[in-house]
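This report refers to the structure that appears directly beneath it.
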Amino acid sequence: MTTKKVILAFTFLLSLSVTAFAQKNKVSTVVFKLSNTVGDARTGEAWHNTLDECVKDIEDAAKHTTTAADPRMFYYRGFTYLTVLSEGSDEQKAKYKDKLYTAVESFKKCIELDAKGKHTKDAKKGLVDCAVRLYNEGVMTYNNKEFAKSLKAYETALDLFQYDDEKLLQKNAGISKEMVMLNAAAAANRGGDVAKAKSTLKQLAESNYKDANVYYTLHEIYLNEKDTTKALETLALGREALPEDKNLINAELDLMLKLGRSKELMDKLDNAIAAQPNDPILHYARGLNYFNLYEIDKKIANLDEAEKSYQKAIELDPGYFNAYFNLGVVYTEKCKPIKEKIDAEKNYDKQLVLESQIDELYKKAAVPFEECMNMADGNMTNAEKADLAQNLKIIYGRLQNVDKSYEPKYKQMRALIDELKG
């Protein structure tokens, strides 16, 4: 080799070394800028310009062969984008919005390459941060009816639970894996990917997850597929997990009635009560079923059975708010056919007899509704409380005409309504 050739070769090798150093230096520069800029310096145009510089430097380093497999570079690449998404200008947040997925890929790559474990713990925390952001992204895009984007966000978030060694998603953010799965299923279902929605919901149902939406939505999917057997099995799982849920009870009753199996449902409940006679929830469910039957066939006998069941539930559990409320509804519902008789009756004396029957039913209804009002805090929203007060106002307004002791109660409800609506 001639002297000239030796000199040329040496110069080439030197240039490689300088370039490699430059790329590593860019990573260090990003680290310095993101770590040492503090306080008010992390706001305003100068800071936003710094973030743009950091993005450029870290992307240059990501593309260069000397740093493309550096776990430290990948960690700070993910960290850079999370910082931009947290502290960037509105324009930057919009510009780099999709870079949340780049951050995920970067942190995962960091862990993959980090043989010595120098950055793995911090990268996992970065992925937990990404999971929270992805969950929020899933909610926002779902509400905007961008279901494909929502599903992608939820599914990516689901994959990150494996990195949450300290269970921070549940402890700090209140986000469980099951919650994300349920939201993902909703996005898939609304977005037309019914197979994926069904698969996810089946996993939740089989794990006895206690959210009625799992079972109700899955049963609807089966109904759309004309699989009534699976639909009923799903509702049965839901009723086992959430025996008091009214929507599931109603759905099961409605489906069984359509299939001509209402007696089977009642037998099922009666057998359960025979085995567990002191379970107030079973009696409450029986009351709901009979009330629903009444709404279909308008037979007063079914209302009578509902009344007995709610009374038994209250006897077993004197604090059973829903049983009190539904018992009050039973009494007001019994007034409807009497009012129809009054409208059709021409004889004034017979009308008075019928009117007195309504008065007695109103007195009965007032008692459980008053119990509900006493237990309203924690069981009702202000709007629901106002509706209950309105019902009591109507009851007291009628009863004060025959019994003056109801007059102060009427005034009290009127004042409460003004207070709740004011």
Side-chain angles (χ1 to χ4, degrees), residues 246 249-250 253-254 256-258 260 262-263 265-266 283-315 320-374 376 380 383-418 421:
K246 186 173 181 179
I249 293 171
N250 288 347
L253 176 60
D254 182 61
M256 281 195 157
L257 288 174
K258 287 177 180 176
S262 57
K263 185 178 184 303
L265 179 59
M266 288 304 177
H283 291 281
Y284 174 79
R286 184 176 183 273
L288 273 182
N289 284 334
Y290 272 109
F291 188 87
N292 288 337
L293 279 175
Y294 163 77
E295 289 190 316
I296 294 168
D297 60 24
K298 300 303 178 186
K299 292 180 180 178
I300 294 297
N302 286 325
L303 274 185
D304 292 338
E305 290 297 327
E307 178 184 353
K308 292 175 187 175
S309 294
Y310 291 139
Q311 287 174 335
K312 186 63 178 179
I314 291 168
E315 176 189 326
Y320 207 143
F321 177 89
N322 288 341
Y324 280 112
F325 187 85
N326 286 7
L327 181 59
V329 171
V330 165
Y331 292 131
T332 57
E333 195 67 30
K334 283 188 173 185
C335 294
K336 291 181 180 179
I338 300 175
K339 289 177 180 177
E340 291 174 1
K341 289 180 182 179
I342 292 172
D343 292 338
E345 182 59 62
K346 304 299 181 185
N347 185 291
Y348 179 70
D349 290 335
K350 291 182 178 179
Q351 284 182 337
L352 289 179
V353 172
L354 292 170
E355 292 284 1
S356 66
Q357 291 177 9
I358 292 180
D359 291 340
E360 291 304 311
L361 286 169
Y362 268 31
K363 287 179 183 178
K364 286 185 175 182
V367 176
F369 281 151
E370 287 168 350
E371 290 292 341
C372 288
M373 186 60 75
N374 292 335
M380 306 182 89
E384 291 168 337
K385 191 174 180 180
D387 287 340
L388 176 58
Q390 182 63 34
N391 287 338
L392 281 169
K393 176 188 167 187
I394 292 170
I395 291 171
Y396 295 150
R398 178 187 176 97
L399 293 179
Q400 70 178 348
N401 295 324
V402 293
D403 184 344
K404 292 301 180 185
S405 67
Y406 286 98
E407 187 174 341
K409 293 184 176 182
Y410 171 79
K411 292 178 179 178
Q412 182 184 11
M413 287 303 110
R414 191 170 62 184
L416 179 58
I417 293 168
D418 290 340
K421 291 187 176 180

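Fair warning: this is a prediction, and the values are worked out from it, not measured in the lab.
Considering only heavy atoms from C-beta on, N322 stays 4.5 Å or farther from Y310 through its side chain. Put simply, the side chain of K411 does not reach to within 4.5 Å of the side chain of Y396, judged on heavy atoms. Proximity of M373 to K385: side-chain heavy atoms (C-beta onward) are separated by under 4.5 Å at one or more points. Annotation: side chain of H283 is not in contact with side chain of E315 (no heavy-atom distance under 4.5 Å). Between K299 and L293 the shortest side-chain heavy-atom distance does not fall below 4.5 Å. Two residues are said to be in side-chain contact when any heavy atoms from C-beta on lie closer than 4.5 Å; Y294 and E305 fail this criterion. Residues E295 and N302 are not in side-chain contact: their nearest non-hydrogen atoms beyond the backbone lie 4.5 Å or more apart. A heavy-atom distance below 4.5 Å is found between the side chains of I338 and L361.
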Given side chain to side chain contact (heavy atoms under 4.5 Å, CB included), test I358 with I342 step by step and report yes or no.
CA-CA 10 Å; I358 292 180; I342 292 172; 3.7 Å; yes
Evaluate the criterion side chain to side chain contact (heavy atoms under 4.5 Å, CB included) for residue pair F291 and L303; output intermediate values, then yes/no.
CA-CA 6 Å; F291 188 87; L303 274 185; 3.5 Å; yes
Apply the test side chain to side chain contact (heavy atoms under 4.5 Å, CB included) to residues N391 and M413: give CA-CA distance (whole Å), side-chain angles for both, the deciding distance (0.1 Å), then the verdict.
CA-CA 9 Å; N391 287 338; M413 287 303 110; over 6 Å; no
Quick one: do I395 and Y406 satisfy side chain to side chain contact (heavy atoms under 4.5 Å, CB included)? Show the steps, please.
CA-CA 9 Å; I395 291 171; Y406 286 98; 5.9 Å; no
Apply salt bridge (charged side-chain N to carboxylate O under 4.0 Å, His left out) to K336 and E340, showing your working.
CA-CA 6 Å; K336 291 181 180 179; E340 291 174 1; over 6 Å; no
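Residues A386 and I417 share a closest heavy-atom pair of O-CG1, 4.3 Å. Scanning both residues, P368 and Y324, for their nearest heavy atoms gives CB-O, 3.1 Å. Looking at every heavy atom in both residues, K409 comes nearest to S405 through CG-O, 4.4 Å. The nearest pair of heavy atoms linking A323 to I314 is CB-CG1, 3.7 Å. Contact record, A365 with G328: CB-O, 3.8 Å, taken as the closest heavy-atom pair. For the residue pair K393 and Y410, the shortest heavy atom distance occurs at O-CD1, 3.4 Å.
Here side chain to side chain donor-acceptor pair (under 3.5 Å) pairs that include residues 349-359, with residues two or more places apart or in two chains, are E355-R398, D359-R398. Within the structure, ring-ring contact (aromatic ring centres under 6.0 Å, His included) contacts touching residues 351-373 (residues at least two apart or in different chains) are F325-F369.
Taking CG from L354 and CD from E345, the interatomic distance works out to 6.5 Å, rounded to the nearest 0.5 Å. Residue S309 holds its OG atom at 10.5 Å from CG of L327, rounded to the nearest 0.5 Å. Rounding to the nearest 0.5 angstrom, the gap separating the CE atom in M256 from the CG atom in N289 is 9.5 Å. Remark: I394 CD1 to Q390 CD distance equals 5.0 Å, nearest 0.5 Å. Taken from CG in N401 to CD in E407, the straight-line distance is 9.5 Å, to the nearest 0.5 Å.
Taking the charged nitrogens against the carboxylate oxygens, D254 and K258 do have a contact shorter than 4.0 Å, which makes a salt bridge. The pair E360-K364 fails the salt-bridge criterion, with no side-chain N (NZ, NE, NH1 or NH2) lying under 4.0 Å from an Asp/Glu carboxylate O.
By the salt bridge (Lys or Arg N to Asp or Glu O under 4.0 Å) test, K341 pairs with no residue at all, sequence neighbours left out.
Between the side chains of Y290 and E307, no donor N or O sits under 3.5 Å from an acceptor N or O.
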